[in-house]
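For reference, the structure discussed in these notes is given below.
Both ligands and their constituent atoms are indexed starting at 1 by order of listing.
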Amino acid sequence: MVKVTLIPGDGIGPEVTNAARLVTTATGVDIEWEVVEAGEKAIQASGSPLPDNVLDSIRRNRLALKGPITTPIGGGFRSVNVALRQQLDLYASVRPARAIAGEGTRFPETDLIVVREATEGLYSGVEHWVDREHSAAETVNVITRKASDRIVRFAFELAKREKRRKVTAVHKANIMKTTGALFQTAFREMAAKYPEIPSEERLVDNMAMQLVKRPSEYDVIVTTNLFGDILSDLCAGLAGGLGIAPGALYGESIAVFEPVHGSAPKYAGQDKANPVAEILCLELLLRHLGKTEAAERVYRAVWQTIAEKKVVTYDLALPGYTNRPVAPSTCSAMAKEIARKVPLVDLRAPRPAPSASGTWGAPDPSLEGA
Ligand code: NAD
């Protein structure tokens with residue numbers, strides 16, 4: 001049995017994390033969920049959106065599955081997500097963007113991984129008003145050599161382990177002459193240590209254009225916090241939308257799995273959201289645990305459910321997003337269908353494309369067989 005922290009989160013979070021729990025049961029992997037609240041429910045209960053018991057639970061279990069958490073725009077609390085990443089030093093945000101069964105995408109071959117530095121940059125939280133009138137404000141873009149080195153090393157190690165084609169660094173060093181150049185130098189020096197892995201650089205604006213024109217030219221993308229946040233949503237869109245985009249956050253000894261999407265408040269409580277992103281977070285968690293067969297079952301059950309398109313949520317059913325519009329199903333119905341398929345998956349059948357194996361982050365050998 002392995003104990004994993006579960007943060008249901010806000011908005012659609014409880015619905016999609018329930019879906020992931022249902023699928024976990026279908027895998028037969030013995031996970032005990034330690035449920036803790038962060039976000040709006042935690043504010044009501046304790047006055048803090050990120051109470052100490054949440055951080056304690058994750059530090060103890062070293063593994064968490066998380067739903068999205070709302071961050072109100074403007075005043076009030078700092079982002080729980082940013083605080084969580086900084087306090088647990090979850091420096092590597094890994095967001096695989098895989099098209100599934102060619103649905104919801106013009107680029108069915110899309111198979112990208114965005115590796116985003118998640119503790120500093122323009123999300124450092126160092127910001128202030130310049131004057132009393134609030135007519136000017138500054139946000140400090142903190143880039144350190146230490147954080148740049150470890151994120152680019154993470155990207156090259158991931159590329160090596162996953163046998164990926166190349167690593168592309170994304171920055172804006174032509175305009176940001178100090179912070180951009182520091183990240184660029186860290187990347188160039190690290191690239192020299194991995195001569196067997198092709199590497200290249202792109203300016204972020206050009207990268208956005210290149211990605212929407214020719215996503216298959218890219219593979220592993222490594223970048224700073226804000227650029228990574230934006231590009232990973234863009235890549236999720238290329239692959240089929242936020243509803244199918246999982247993510248993982250890795251620190252030195254802690255991993256937290258959370259979808260790319262947010263709490264989508266307008267769909268909260270409607271049993272409407274796509275549960276696949278959260279279910280694929282479970283897949284990544286199982287791979288991290290060394291439960292490769294269970295993870296593979298989850299991925300293939302998701303793939304088959306989307307390919308069949310009998311039980312899919314609204315985002316995969318609408319005309320314009322698919323060549324074969326169908327009546328949309330609910331979040332819970334799609335989760336049940338995926339769970340039903342998990343034990344029926346034929347693991348001897350060839351893996352459906354894109355066929356990247358995907359340990360994605362840093363599988364933790366100490367958890368093997370837990
Ligand atoms: P969002 O990702 O919540 O929603 C954007 C749109 O994407 C939705 O309106 C919906 O159309 C679609 N969508 C998102 N998830 C979906 C799903 N599972 N199934 C189907 N469609 C889905 O982004 P937002 O509206 O910019 O943010 C809402 C809140 O979420 C904000 O408070 C934001 O700060 C927070 N947020 C949290 C996280 C996180 O917890 N990691 C990430 C992003 C945003």
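Using a 4.0 Å heavy-atom criterion, the residues that approach ligand 1 are Ile12, Lys66, Pro68, Ile69, Thr70, Thr71, Asn81, Arg85, Leu242, Gly243, Glu258, Val260, His261, Gly262, Ser263, Ala264, Pro265, Lys266, Tyr267, Ala273, Asn274, Tyr314, Asp315.
With 3.5 Å as the limit, one finds a donor-acceptor pair spanning the side chains of Ser57 and Glu34.
Formation of a donor-acceptor pair under 3.5 Å by the Ser46 side chain with backbone atoms of Ile43 is not found in this model. Glu278 places no side-chain N or O within donor-acceptor distance of the main-chain N or O of Asn274, the cut-off being under 3.5 Å.
Screening residues 332-342 for salt bridge (charged side-chain N to carboxylate O under 4.0 Å, His left out) gives Glu308-Lys341, Glu337-Arg340, Glu337-Lys341 as the qualifying pairs, with residues at least two apart or on separate chains.
Surrounding CZ of Arg106 are at most 12 heavy atoms belonging to other residues, nucleotides or ligands under 6.0 Å away.
Cation-pi geometry between Arg150 and Tyr91 is met: the NZ or CZ atom falls under 6.0 Å from the ring centre, inside 45° of the normal.
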